[in-house]
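Note sheet for the following structure.
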Amino acid sequence: MARVPAAVGTLRHRIRRVPRALTRRHRSRRPTAPAAAVTTTLAARPAHPYKRVVGLLAVVLLGAWLGLLIVGNVRVPVGPMDTTMTLRPSLTGGTKINVSPLGALELDSHHAPVRLDVNVDQLDPARSQALVDHPERLSGLQDEVTQDIARGTADLAVRSVVAVVTGATALGLAVYRRPRRALAAGGLALTLLAASGGTAYTSWNPDSVLEPRFSGLLSSAPSLVGNARSIVTEFDVYQKELARLVTNVTKLYDATSTLPAYQSDPTTLRVLHVSDIHLNPASWAIIASLVEQYRVNVIVDSGDTMDHGTAAENGFLDPVENLGAPYVWVRGNHDSALTQRYLEGLDNVHVLDDGRARTVAGLRFAGIGDPQFTPDRSRKPGAEQSQELAGARLASALRDQRAAGTPVDVAVAHEPSAAREVDGTVPLVLAGHIHRQETEVMKYGTRLRVEGSTGGGGLRAVEGKHPDPIEASILYFDRDTRRLQAWDAIRLGGLGLTTAEVSRHLPEENQPGASPSGSPSPPPTRLPSPTSSAPTP
């Protein structure tokens with residue numbers, strides 16, 4: 001009986017060994033090497049070979065574009081200017097020269113799937129000063145510019161090759177994870193770039209500079225650029241004009257540095273009055289310098305900050321946010337409603353219009369925008385009547401503020417003809433427009449202070465032989481009474497000079513021996529004339 005369990009156990013062990021033997025026999029039946037190779041080849045063969053070609057081409061183009069976008073640009077000094085050159089994919093080719101904030105010039109320089117972008121970044125003060133200190137270098141300016149462009153183009157070509165090949169190879173390696181495919185992508189990218197370069201070389205058209213296409217502000221003001229054909233055929237004349245432009249702008253920065261330092265008085269509020277900048281970018285450096293030197297509490301701009309009021313000019317206004325003091329602004333006849341809306345969206349800017357009052361830095365301001373928009377310097381019929389009507393609306397708002405117990409300290413309008421209508425309703429009114437400084441106490445006691453051009457007449461000023469002076473004022477107010485105590489008239493003697501003049505002025509009531517005056521006396525009620533009863537269209 002004891003042998004029965006032993007026999008059962010032996011039988012069970014043999015049964016367990018059968019599946020193992022079958023498994024070992026099955027594993028030993030492997031296909032031969034040729035059959036395995038055929039199976040692998042069939043599995044790896046794509047159903048549609050053209051898809052692989054299209055995919056490789058897409059990887060090459062995307063990788064090349066990313067490479068150019070990241071590292072495919074060079075900074076090149078061209079004469080006294082700093083520029084950035086870049087190659088960009090394009091269907092039409094050509095060259096685009098960006099001149100901020102004026103706009104751009106486009107040239108049909110070549111036909112290839114790449115475009116050359118040239119950004120004019122800034123004027124280098126050191127190289128500009130070298131031209132001023134050594135006028136003899138101006139005679140070789142043309143050759144220097146030509147050499148700079150040739151050197152920059154060669155550097156751009158080398159960098160573009162590296163960027164295109166590296167970008168396509170890196171993306172190919174990331175997509176395919178095979179070195180051979182990645183190298184194939186890099187080689188194809190180099191081949192395409194070489195073909196594009198050859199196409200651009202064979203289709204190069206040096207005469208394209210004679211027929212540029214303007215965009216942005218340049219399209220509405222091509223006179224700032226001049227006739228392209230005359231620049232090419234009479235380069236010696238253009239060279240002298242360019243040299244004078246560089247000299248004037250450089251000396252302007254020198255003049256700014258000669259302004260005297262000011263010791264701030266804690267009992268006063270300091271207001272910087274500027275006007276008629278007319279798109280001169282050098283004005284921002286001057287304003288920032290004055291804000292810092294005079295510890296300015298608030299800046300008041302009485303209009304004509306722009307020249308044509310186009311959307312292309314809006315970027316010019318961006319430095320307003322970083323001038324170091326709040327910026328109070330009214331619209332001039334060169335500023336559009338588009339300009340006003342853009343400024344309303346900037347930080348640190350307070351736009352005055354329709355007589356609405358704002359308290360800024362302890363002073364209460366109210367103003368009205370210019371009813372005229374004449375960027376072409378035209379004179380519309382009924383302009384004077386519309387200015388008087390705008391001034392009357394501002395005066396009515398000032399009287400309402402006084403009746404409500406919140407009197408306005410300073411009124412602002414662009415044209416003096418509108419500002420004169422508020423006589424007797426406010427102690428001080430600020431204006432601009434006429435590009436020269438004037439001050440008068442009007443019949444009913446309101447002081448009118450007209451500012452000159454803080455932009456020296458604008459960009460056109462650097463074109464003339466004797467440009468307009470740069471003018472601004474620092475107004476000092478008593479913190480308690482909020483009345484004008486004195487003002488400094490600042491004058492930079494033209495863009496081509498290095499003189500800076502600051503003159504101190506005192507109101508008559510603050511001069512030694514004078515008795516303080518009271519508030520302005522209100523004018524008698526005046527009925528509007530029939531010609532000014534409605535705004536002129």
Angle between ring planes, H505 versus W487, binned at 30° and 60°: parallel, tilted or perpendicular? parallel
Can you tell me if T454 uses its side chain to pair, donor with acceptor, with the backbone of A472 under 3.5 Å? no
Of all residues at least two apart in sequence or in a different chain, which pass the ring-ring contact (aromatic ring centres under 6.0 Å, His included) check with H414? H433
Report yes if some heavy atom in the side chain of N297 is under 4.5 Å from a heavy atom in the side chain of R479; otherwise report no. yes
Does E313 use its side chain to pair, donor to acceptor, with the backbone of H308 at less than 3.5 Å? yes
R115 versus S90, closest heavy-atom pair with distance: CB-CB, 3.7 Å
Distance-only, no hydrogens or angles: does the D117 side chain make a donor-acceptor pair with backbone N or O of T86 under 3.5 Å? no
Heavy-atom nearest pair, S275 first then G432, reads OG-CA, 3.5 Å
Hey, is the main chain of S473 close enough, under 3.5 Å, to the side chain of E451 for a donor-acceptor pair? yes
D353 and its salt bridge (Lys or Arg N to Asp or Glu O under 4.0 Å) partner, picked from R331, R341, R358: R331
Pick from R420, Q372, Q387: which one makes a side-chain hydrogen bond (donor to acceptor under 3.5 Å, both in side chains) with E415? Q387
Would you call Y294 and L272 a side-chain contact if the rule is heavy atoms closer than 4.5 Å? no
Between R364 and T359, does any side-chain donor sit less than 3.5 Å from a side-chain acceptor? yes
Are there over 12 heavy-atom neighbours, none belonging to E440, within less than 6.0 Å of that residue's CD? yes
Within-4.5 Å side-chain heavy-atom neighbours: L430 and L428: yes
If you compare all heavy atoms of T305 against all heavy atoms of F316, which two are closest, and at what distance to 0.1 Å? O-CE2, 3.8 Å
If you apply the rule side-chain hydrogen bond (donor to acceptor under 3.5 Å, both in side chains), what do you find for Q437 with R491, and how did you get there? CA-CA 10 Å; Q437 294 178 337; R491 178 186 176 99; over 6 Å; no
Does the side chain of P416 reach to within under 4.5 Å of the side chain of I434, using non-hydrogen atoms? yes
Side chain of T268, backbone of R270: donor and acceptor closer than 3.5 Å? no
Show the nearest heavy-atom pair for residues V296 and V298, with the distance to one decimal. CG1-O, 3.2 Å
Dump the intermediate steps for side-chain hydrogen bond (donor to acceptor under 3.5 Å, both in side chains) on T439 and R449, then the final yes or no. CA-CA 5 Å; T439 303; R449 172 68 184 166; 2.7 Å; yes
Applying side-chain hydrogen bond (donor to acceptor under 3.5 Å, both in side chains), can you list everything that pairs with R393, at least two apart in sequence or on another chain? D354
Would you say that Y327 contacts V360 through its side chain, given a criterion of any heavy-atom pair below 4.5 Å between the two side chains? no
Main chain of D304, side chain of D335: is a donor-acceptor contact present, judged purely on distance under 3.5 Å? yes
Is there a donor-acceptor pair under 3.5 Å between the side chain of R402 and the backbone N or O of T425? yes
Taking E292 for the side chain and S289 for the main chain, is one N or O donor matched with an acceptor at less than 3.5 Å? no
Sidechain-backbone polar pair: D276 side chain, G455 backbone, donor-acceptor under 3.5 Å: no
Would you please name every residue forming a ring-ring contact (aromatic ring centres under 6.0 Å, His included) with W329, sequence neighbours left out? none
Counting only N and O atoms by type, is there a donor-acceptor contact under 3.5 Å from the side chain of D307 to the main-chain atoms of H278? no
